[in-house]
J.: 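Mind looking over this structure? Questions follow.
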Amino acid sequence: MTAAQDRSVLTDWWLESARQEIERTVPKAVEYGSGDLAEIGYAMSRIMGRDLDRSPAGHQQATELGIFFYLVGKTARWEQAIHDGRQASDDTLFDMGVYVKMAQRNRAVGGWPFGPEPEREQDKDGGW
């Protein structure tokens, strides 16, 4: 295959994967909301001695910590699979990809949808 063909095959695969991810993820996002993400993040921040406030910036940080918490759980499953001499499930890898996309959206617009606080745009310098 030529480089152009390789690029086309990869692009087609990626677009189809993204479409499938959207179809699987958006209904769950609507069903689950995002309150748990922020509450887990606020709890983690208290444990770390940071005690985030309930401002939009604090909510964004808490949401990212909550997403990280779930991602660590999926990473632990993958690690256990490796330890056991097997592959992690496709669902585990799928979920990890979704959590990364959630974190990217949280940073881009200031939150994951359906949360208790309004979203805001992140500071131009990427700060909280």
Side-chain angles (χ1 to χ4, degrees):
M1 249 191 244
T2 67
Q5 290 170 320
D6 285 343
R7 186 172 304 138
S8 178
V9 168
L10 179 57
T11 298
D12 290 347
W13 173 86
W14 210 307
L15 287 170
E16 178 59 23
S17 294
R19 186 191 60 72
Q20 290 175 14
E21 186 175 282
I22 290 165
E23 289 175 3
R24 289 177 62 182
T25 304
V26 171
K28 288 183 179 184
V30 172
E31 178 184 354
Y32 298 156
S34 65
D36 64 319
L37 297 171
E39 290 310 314
I40 289 167
Y42 284 121
M44 289 176 65
S45 77
R46 286 189 300 275
I47 291 167
M48 295 183 315
R50 291 180 54 203
D51 206 15
L52 295 171
D53 62 32
R54 297 282 173 158
S55 69
H59 183 79
Q60 181 182 359
Q61 290 179 55
T63 299
E64 184 164 326
L65 285 172
I67 293 167
F68 174 75
F69 175 84
Y70 281 113
L71 186 57
V72 168
K74 295 298 178 176
T75 303
R77 285 188 182 172
W78 194 355
E79 182 180 359
Q80 187 63 50
I82 292 168
H83 180 317
D84 295 345
R86 57 183 174 80
Q87 290 185 325
S89 72
D90 290 342
D91 281 345
T92 294
L93 297 180
F94 178 87
D95 289 347
M96 291 175 78
V98 169
Y99 290 135
V100 168
K101 187 60 69 183
M102 290 168 66
Q104 290 170 330
R105 185 187 191 282
N106 182 57
R107 286 187 176 186
V109 301
W112 184 243
F114 320 111
E117 296 186 32
E119 296 177 4
R120 64 155 179 85
E121 287 194 31
Q122 183 174 6
D123 298 338
K124 297 228 184 293
D125 64 355
W128 301 100

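Please read all numbers here as calculations on a predicted model, not as lab measurements. Heads up: numbering here begins at 1 and tracks the sequence.
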J.: If you compare all heavy atoms of Thr25 against all heavy atoms of Phe94, which two are closest, and at what distance to 0.1 Å?
T.: OG1-CZ, 3.8 Å
J.: Contact between Met48 and Leu65 at the side-chain level, heavy atoms closer than 4.5 Å - yes or no?
T.: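 Yes; the side chains approach each other to less than 4.5 Å.
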J.: Just wondering, are more than 12 heavy atoms of other shown residues or ligands nearer than 6.0 Å to CG in Asp90?
T.: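 Counting other residues, nucleotides and ligands, CG of Asp90 stays at 12 neighbours or fewer.
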J.: First locate atom CH2 of Trp14, then atom CG of Asp12, and finally report the distance between them rounded to the nearest 0.5 Å.
T.: 13.0 Å
J.: Are Met96 and Thr92 packed together at the side-chain level, in the sense that at least one heavy-atom pair is separated by less than 4.5 angstrom?
T.: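 Counting from C-beta outward, Met96 and Thr92 do come under 4.5 Å.
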J.: Do Met102 and Val72 belong to the same hydrophobic cluster, where Ile, Leu, Val, Met, Phe, Trp and Tyr are linked whenever their side-chain heavy atoms lie under 4.5 Å apart, directly or via other members?
T.: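 Same cluster: Met102 reaches Val72 through Ile, Leu, Val, Met, Phe, Trp or Tyr contacts under 4.5 Å.
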J.: Show the nearest heavy-atom pair for residues Ile40 and Gly66, with the distance to one decimal.
T.: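 Looks like CG2-CA, 4.0 Å.
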J.: Is it true that Glu39 and Arg46 make a salt bridge, defined as a side-chain N closer than 4.0 Å to a carboxylate O?
T.: no
J.: Between atom CG of Leu10 and atom CD of Gln5, what is the distance when rounded to the nearest 0.5 Å?
T.: 13.5 Å
J.: Do you know the tightest heavy-atom contact between Ser45 and Leu52?
T.: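 What the structure gives for the nearest pair is OG-N, 3.2 Å.
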J.: Looking at Phe69, I'd like to know if its CZ atom is crowded, meaning that more than 12 non-hydrogen atoms belonging to other residues, nucleotides or ligands lie closer than 6.0 Å.
T.: no
J.: For residues Tyr32 and Val98: do they belong to one hydrophobic cluster (side chain heavy atoms under 4.5 Å, members Ile, Leu, Val, Met, Phe, Trp, Tyr)?
T.: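 Cluster IDs for Tyr32 and Val98 differ.
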J.: Return the orientation label for the His59 and Tyr42 ring planes: parallel under 30°, perpendicular over 60°, tilted otherwise.
T.: tilted
J.: For Gln60 and Glu64, which I'm curious about, is there any donor-acceptor pair between the side chains at under 3.5 Å?
T.: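 No pair is found: no donor N or O on one side chain lies under 3.5 Å from an acceptor on the other.
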J.: Does a donor on one side chain and an acceptor on the other come within less than 3.5 Å for Ser89 and Asp91?
T.: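 No, no side-chain donor-acceptor pair sits under 3.5 Å.
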J.: Please determine whether the number of non-hydrogen atoms from other residues, nucleotides or ligands lying under 6.0 Å from atom CD of Gln80 exceeds 12.
T.: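 Yes, enclosed.
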J.: Using atom types as modelled and distance alone, determine if a side-chain donor or acceptor of Asp53 lies under 3.5 Å from a backbone N or O of Ser55.
T.: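 It does hold such a pair.
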J.: Of all the heavy-atom pairs spanning Ser34 and Pro113, show the shortest one and how long it is.
T.: OG-O, 3.5 Å
J.: For the pair Leu37 and Tyr70, evaluate side chain to side chain contact (heavy atoms under 4.5 Å, CB included) and give the outcome as yes or no after the intermediate values.
T.: CA-CA 9 Å; Leu37 297 171; Tyr70 281 113; 3.5 Å; yes
J.: Find the distance between CG (Asn106) and NZ (Lys101) and round it off to the nearest 0.5 Å.
T.: 13.5 Å
J.: Take atom CD in Gln20; do more than 12 heavy atoms of anything else shown fall under 6.0 Å from it?
T.: yes
